[in-house]
Novice: 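Sending over a structure as structure tokens; questions will come in a sec.
Just follow the structure's listing: the first ligand is 1, and inside any ligand the first atom is 1.
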Amino acid sequence: MRVALTNFTPEPERTVAAAAKLSTSQLSAAELKETLTPVQIDKLLSHLISAGHLSPFEHASFTFVIDGISRACSHQLVRHRLASYTQQSQRYVAVKSLEYVTPPTIAAKADLKAKYNDMVQQAHKLYTEMVDAGVPAEDARYVLPNAMETKIVMSMNARELMHACSLRLCLKAQWEIVDLFQRIKEEVQKVAPRLGAELQPKCFALGYCNERESCGLFPTLKEIKGGVSTSAQ
Ligand SMILES: Cc1cc2nc3c(=O)[nH]c(=O)nc-3n(C[C@H](O)[C@H](O)[C@H](O)COP(=O)(O)OP(=O)(O)OC[C@H]3O[C@@H](n4cnc5c(N)ncnc54)[C@H](O)[C@@H]3O)c2cc1C
């Protein structure tokens with residue numbers, strides 16, 4: 001899996017803070033953007049998050065080039081509706097080379113891994129046979145597994161990034177999409193550390209785990225009420 005942040009709103013944190021400050025200032029957003037100090041920006045962002053005033057975060061947008069995730073993962077990713085996506089088409093691009101993802105749980109079992117590899121190779125062999133026989137790639141692809149690698153470009157604003165990370169950095173989400181959002185977070189942190197620090201699993205904001213079972217980071221409400229703490233804070 002490869003994730004690269006290729007474009008983003010210049011000075012994303014300053015942009016968000018200036019937009020937020022505009023609502024209570026005589027100055028224009030452009031003037032505010034020039035004059036806000038780093039400390040003021042930090043305080044403003046903290047206030048917006050704690051007050052739940054999240055719409056100013058929509059002014060900062062980030063574009064990621066994502067390569068080598070499985071179709072199983074991209075299917076989960078595109079469920080996040082407040083983002084823009086462009087994905088390599090299996091209708092127009094014939095799958096010539098066999099590139100696929102193997103989950104670690106399968107890779108760890110040598111006998112199953114061999115069967116898994118064999119199954120994927122067989123599926124690709126039939127796919128190639130069908131394409132060579134004139135079946136359109138858009139139909140031949142029906143035999144390809146969810147394991148097939150895909151490429152996707154995603155643009156998401158900071159508000160939706162915080163929301164998606166709250167769900168997908170949770171260790172109860174699937175390993176591949178957790179891995180993807182960890183890399184997305186790392187990319188954002190390089191250019192907007194304050195914002196990047198807000199990309200956290202939901203338990204950080206809640207102060208507890210709202211899944212059936214906790215990963216151990218925070219206790220569930222049931223555990224808190226029952227007086228059992230699994231917290232590793
Ligand atoms: C661990 C996990 C397991 C999952 N399992 C399943 C599953 O078994 N089956 C399944 O189908 N999905 C599953 N999903 C996907 C999940 O149901 C959501 O579709 C996905 O996480 C997108 O999140 P979202 O709907 O909160 O928001 P996004 O699409 O990211 O939108 C952000 C927010 O905008 C608002 N919003 C967006 N669109 C609308 C709208 N049309 N109307 C009103 N408000 C809107 C909501 O407040 C929403 O939270 C799973 C997700 C996770 C994280």
Novice: How about K113: does its NZ atom have over 12 heavy atoms from other parts shown lying under 6.0 Å from it?
Specialist: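 Not more than 12 within 6.0 Å, no.
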Novice: Report all N/O contacts between ligand 1 and the protein shorter than 3.5 Å as a table of atom names and distances to 0.1 Å; if there are none, say 'none'.
Specialist:
unit_1   : atom_1 : unit_2 : atom_2 : d
ligand 1 : 11 (O) : R79    : NH1    : 2.9
ligand 1 : 11 (O) : R79    : NH2    : 3.4
ligand 1 : 12 (N) : R79    : NH1    : 3.2
ligand 1 : 19 (O) : R79    : NH2    : 3.2
ligand 1 : 21 (O) : R168   : NH2    : 3.4
ligand 1 : 25 (O) : R81    : NH2    : 2.7
ligand 1 : 26 (O) : H163   : NE2    : 2.7
ligand 1 : 27 (O) : H163   : NE2    : 3.3
ligand 1 : 29 (O) : R79    : O      : 3.2
ligand 1 : 29 (O) : R81    : N      : 2.7
ligand 1 : 29 (O) : R81    : NE     : 2.9
ligand 1 : 30 (O) : H80    : ND1    : 2.9
ligand 1 : 30 (O) : E160   : OE2    : 2.3
ligand 1 : 38 (N) : R81    : NH1    : 3.4
ligand 1 : 49 (O) : H163   : NE2    : 3.2

Novice: Are a donor atom and an acceptor atom from the side chains of T220 and R212 found within less than 3.5 Å of each other?
Specialist: no
Novice: Step by step, work out the side chain to side chain contact (heavy atoms under 4.5 Å, CB included) result for F62 and L195.
Specialist: CA-CA 12 Å; F62 298 83; L195 208 52; 3.7 Å; yes
Novice: Do E223 and S214 have side-chain N/O donor and acceptor atoms under 3.5 Å apart?
Specialist: no
Novice: With sequence neighbours left out, what residues match H163 under ring pair (Phe, Tyr, Trp, His ring centres under 6.0 Å)?
Specialist: none
Novice: I'd like to check M1 versus L180 (side-chain heavy atoms, cut-off strictly below 4.5 Å). Are they in contact?
Specialist: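 Yes. Closest side-chain heavy atoms under 4.5 Å.
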